[in-house]
Amino acid sequence: MTATGLVTGLLVGLTGMGGGALTMPLLTLVFGVPPLAAVSTDLVANAVTKPAGALVHLGRRTVDLRLVGWLCAGSLPCAAVGSVLSGYLGERSQDVLKIAAAVAVVLAAVTLFVRMYLDRVRVPALSPTRPGALPTVLLGALAGLVVGTTSVGSGSIVIVCLLLLHRRLTSSELVGTDLVQAVPLVLVAAVAHLLVGEVDFALVGALLAGSIPGVLAGALLSARTPDAPIRVLLGAMLTLTGLVLLSVPVAVALVPAVAVAAAAGAGLAVRPRPPVGVGNEGEPR
């Protein structure tokens, strides 16, 4: 159990994702924890783990606090609404939302890898414009609604929003901003589950024994690692998370996630050819 916390904590620190979408299935499928107890236990553990990683990124100044404010302005009230709606929606409606979230996460992984490839082969263009507050607040609201209704995606859904709107962010800023905005979301959900859920405090302690050192190590590595490897890992985690949300077993979902990471890593290792006709016209041979 502690090893599970260590691995998921390391992934959360490195990529901002992997808490609920990976730990909960592992608790239910591998350790036989009942689903409600697994969700409640995982959320309470994440309420401690994510702030620890967020503090590291805040200390290293890899957080865009303006974006955190915009995202929370939309996500927190909608997460509360989603938590209320989850009691009235049937399981079928929640399953539809999970499928939609999974498709969005997988598409974000594809988008991330395509952008990495294009950035290597095309001539640098003008810097992308900064979107205003409203699109970020609206996407934060959508993310909060999904998280509040389904209890998953506090990291991965917001990563999708940041990838779509804020291309200027470095990978460490993506992870840091995502981790910090997820803290209040997870705290709200954790308090609700402490009141009405089935928290197994022995499991919480076992998970935290591994996840706290894991998330601290992951956050330190994320802040110091070059941009490209973190984006490869982000893409692999998005792929893995999306497949797990589609109810694919973790062991099976690992295969395509590792495959796309290996393919992207191999692509990064190949030096792109310089664009034809750029900067070499008229040079003597």
Side-chain angles (χ1 to χ4, degrees), residues 12-20 46-47 49-82 101 104-105 107-109 111-112 115-116 119 124-148 153-190 215-216 218-228 230-231 233-235 237-238 241:
V12 167
L14 275 170
T15 68
M17 302 177 294
N46 270 317
T49 301
K50 290 206 172 187
L55 285 173
V56 173
H57 279 278
L58 284 169
R60 299 194 66 83
R61 298 183 180 181
T62 52
V63 179
D64 190 323
L65 293 175
R66 180 192 56 169
L67 292 184
V68 170
W70 290 351
L71 287 166
C72 288
S75 64
L76 291 182
C78 286
V81 172
V105 168
L107 286 177
T111 302
L112 177 64
R115 276 185 50 207
M116 287 176 63
D119 287 343
L126 294 175
S127 298
T129 57
R130 293 179 181 270
L134 183 60
T136 307
V137 172
L138 291 176
L139 282 178
L142 177 61
L145 186 64
V146 173
V147 171
S154 61
S156 54
I157 297 297
V158 174
I159 279 282
V160 173
C161 300
L162 293 174
L163 284 171
L164 288 173
L165 285 180
H166 299 281
R167 300 182 184 180
R168 293 182 179 221
L169 294 177
T170 66
S171 294
S172 59
E173 288 170 338
L174 271 174
V175 175
T177 302
D178 184 32
L179 261 179
V180 172
Q181 69 77 35
V183 170
L185 265 181
V186 172
L187 286 175
V188 168
V215 75
L216 292 174
L220 286 171
L221 284 172
S222 172
R224 297 178 179 181
T225 305
D227 203 58
I230 295 296
R231 286 188 179 264
L233 187 56
L234 274 173
M237 282 299 300
L238 285 168
T241 302

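Please read these numbers as outputs of a predicted model, since none were measured by experiment. Each residue takes its place number in the sequence, starting with 1.
- Between T62 and V175 there is no side-chain heavy-atom pair separated by less than 4.5 Å.
- Atom OG1 of T136 and atom CZ of R66 lie 8.0 Å apart (nearest 0.5 Å).
- You'll find the side chain of D178 stays beyond 4.5 Å of the side chain of L71, heavy atoms only.
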> Yes or no on side-chain contact (heavy atoms from CB on, under 4.5 Å) for D64 and V180, after CA distance, side-chain angles and deciding distance?
Replying inline: CA-CA 9 Å; D64 190 323; V180 172; over 6 Å; no
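- Taking both residues in full, the closest heavy atoms of P51 and N46 are given as CD-O, 3.7 Å, listed atom of the first, atom of the second, then distance.
- With rounding to the nearest 0.5 angstrom, the CD atom of E173 is 12.5 Å from the CZ atom of R60.
- Scanning both residues, G53 and L179, for their nearest heavy atoms gives C-CD1, 4.0 Å.
- Nearest heavy-atom pair across C72 and P77 is O-CD, 3.7 Å.
- Closest approach of P184 to L76, counting heavy atoms only: CB-CD2, 3.8 Å.
- Here T177 pairs with nothing under the side-chain hydrogen bond (donor to acceptor under 3.5 Å, both in side chains) rule; sequence neighbours left out.
- Residues L216 and A52 share a closest heavy-atom pair of CD2-O, 3.7 Å.
- Note that the NE2 atom of H57 and the CG atom of L220 stand 8.5 Å from one another [nearest 0.5 Å].
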